[in-house]
2 protein chains.
Amino acid sequence: MRIGELAELAGTSTRTLRYYESRGLLSSTRAPNGYRTYDEDDLRLLRQIRTLQDFGFELEETRPFVECLRAGHPAGDACPASLAVYRRKLAELDGLIGRLADVRDQVARQLADAERAAGPEAVPRCESTP
Amino acid sequence: MRIGELAELAGTSTRTLRYYESRGLLSSTRAPNGYRTYDEDDLRLLRQIRTLQDFGFELEETRPFVECLRAGHPAGDACPASLAVYRRKLAELDGLIGRLADVRDQVARQLADAERAAGPEAVPRCESTP
DNA sequence: CTATTCCCTGACGCGGGCGTCAAGGCAAGG
DNA sequence: CCTTGCCTTGACGCCCGCGTCAGGGAATAG
């Protein structure tokens with residue numbers, strides 16, 4: 001298949017596919033006229049990349065998964081390097097979520113304090129003053 | 001005080017202060033030699049900005065707080081516009097944390113599945129095989 | 001006088017993942 | 001032949017909060 005079809009199948013753009021190729025993540029054979037040609041394996045590879053991207057993985061972090069698939073494994077996460085990325089990402093996410101939760105609570109407290117200071121009359125709880 | 005001193009007091013850089021000024025967030029008077037001059041009010045204003053920045057607020061989102069302080073209020077969050085930003089940010093944080101938690105769980109599941117598929121022998125639970 | 005240390009403005013760089021335009025080639029239909 | 005629609009490479013733009021360099025002036029100590 002050609003680049004436009006692959007892009008549509010993966011729900012992305014041709015620009016993105018060329019970008020992945022420039023990063024060495026996606027490969028393509030060329031038709032005599034210079035057009036990129038892809039097969040089902042490329043689609044699976046691309047889907048793997050997109051899934052991880054949707055998880056918030058950086059492109060570089062998808063590389064072990066890609067290489068794992070290229071090595072012939074049925075799943076991109078069948079290799080130790082991919083598992084290592086999973087684990088790093090889990091730790092990263094836990095840290096990030098924890099920090100965000102802290103921030104959330106601090107903001108909530110700031111808001112509550114500021115609302116109290118501003119006077120409770122400005123914060124109608126229900127239809128108490130119709 | 002001059003820009004270097006203010007920067008150090010606020011734990012930031014002179015570049016940052018000039019940047020804030022270019023964004024219209026921080027103001028300064030000028031000494032006859034052209035040097036920026038600041039007072040305690042500017043320091044408080046700057047601290048307000050930095051606190052919000054540390055929370056992950058974008059610079060533009062600190063503007064209501066800055067204007068509130070400039071209007072003479074003792075706290076930057078004493079104005080309705082600031083409270084509105086707090087509320088938006090809370091909702092944003094809740095949404096983000098929720099999505100990240102979802103991703104975290106999906107990654108954890110992927111990891112667990114991949115570990116099972118790879119074979120449990122590669123995942124020593126304790127010192128079971130010394 | 002010089003050396004040091006502050007300060008000034010202006011401008012480019014960076015990271016990440018593309019979007020988007022430019023300028024053209026190739027294939028197929030009418 | 002022309003048009004349409006796909007494809008090619010190359011290159012600039014964007015976001016955002018600065019870092020960092022270039023090329024100067026100003027104040028102070030020795």
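Below, chains carry the letters A, B, ... as their sequence lines are ordered, and counting in each starts from 1.
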Table of protein N/O atoms under 3.5 Å from nucleotides 16-18 of chain D N/O atoms:
residue	atom	partner	partner atom	Å
D:dG17	OP1	B:Leu59	N	3.1
D:dC18	OP2	B:Tyr20	OH	2.8
D:dC18	OP2	B:Gln53	NE2	2.6

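- Atom CD of A:Glu61 and atom C1' of C:dG17 are 14 Å apart (whole Å).
- Using a 4.0 Å cut-off between charged nitrogen and carboxylate oxygen, B:Glu60 and B:Arg23 do not count as a salt-bridge pair.
- Nucleic acid contact for A:Arg23: none, since no nucleic acid atom lies under 4.0 Å from a heavy atom of the residue.
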Polar atom pairs between nucleotides 23-29 of chain C and protein, under 3.5 Å, N or O only, would you list them?
residue	atom	partner	partner atom	Å
C:dG25	N2	A:Tyr35	OH	2.7

> Is there a salt bridge (Lys or Arg N to Asp or Glu O under 4.0 Å) between B:Glu115 and A:Arg87 once you walk through the steps?
Replying inline: CA-CA 11 Å; B:Glu115 278 174 341; A:Arg87 295 196 190 94; 2.8 Å; yes
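- A heavy atom closer than 4.0 Å to some atom of DNA chain D occurs in no member of residues 91-104 of chain A.
- As rounded to whole Å, 12 Å separates atom C1' of D:dT9 from atom CD1 of A:Ile3.
- Between C:dC8 and B:Arg36, a contact under 4.0 Å exists linking OP1 or OP2 to a side-chain N or O.
- Under the 6.0 Å cut-off for aromatic ring centres, A:Tyr86 and A:Phe55 do not qualify, their centroids lying 6.0 Å or more apart.
- Direction of the helix axis in the helix from C:dC1-D:dG30 to C:dG30-D:dC1 shifts by 40° between the two five-pair termini, rounded to 10°.
- In this view, B:Thr16 and B:Thr12, B:Ser13 satisfy the side chain to side chain donor-acceptor pair (under 3.5 Å) rule, not counting sequence neighbours.
- When all heavy atoms are compared, the tightest approach of A:Ala10 to A:Arg50 is O-CG, 4.4 Å.
- The side chain to side chain donor-acceptor pair (under 3.5 Å) search around A:Glu92 returns A:Lys89, not counting sequence neighbours.
- A:Asp54 has its CG atom 18 Å from the P atom of C:dG16, to the nearest Å.
- Here the CZ-CZ distance, from B:Arg36 to B:Arg30, works out to 4.0 Å after rounding to the nearest 0.5 Å.
- Protein atom CZ of B:Arg30 is 15 Å distant from nucleotide atom C1' of C:dC6, rounded to whole Å.
- A side-chain donor-acceptor contact under 3.5 Å links A:Asp42 to the backbone of A:Asp39.
- For the pair A:Thr14 (side chain) and A:Ile3 (backbone), a donor-acceptor distance under 3.5 Å is absent.
- Between the CG atom of A:Leu6 and the P atom of D:dC6 there is a distance of 15 Å, rounded to whole Å.
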>> Could you go through B:Glu21 and B:Ser28, starting from their C-alpha distance and side-chain angles, then the distance that decides it, and tell me whether this counts as side chain to side chain donor-acceptor pair (under 3.5 Å)?
In response: CA-CA 8 Å; B:Glu21 183 171 330; B:Ser28 64; 3.1 Å; yes
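- Using a 4.0 Å cut-off between charged nitrogen and carboxylate oxygen, A:Arg44 and A:Asp41 count as a salt-bridge pair.
- The separation between A:Glu21 atom CD and D:dT9 atom C1' is 12 Å, rounded to whole Å.
- Panel note: side chain A:Arg47, backbone A:Leu9; a donor-acceptor pair is recorded below 3.5 Å.
- Note that CZ of A:Arg104 and CD1 of B:Ile97 are 7.0 Å apart. Values are rounded to the nearest 0.5 Å.
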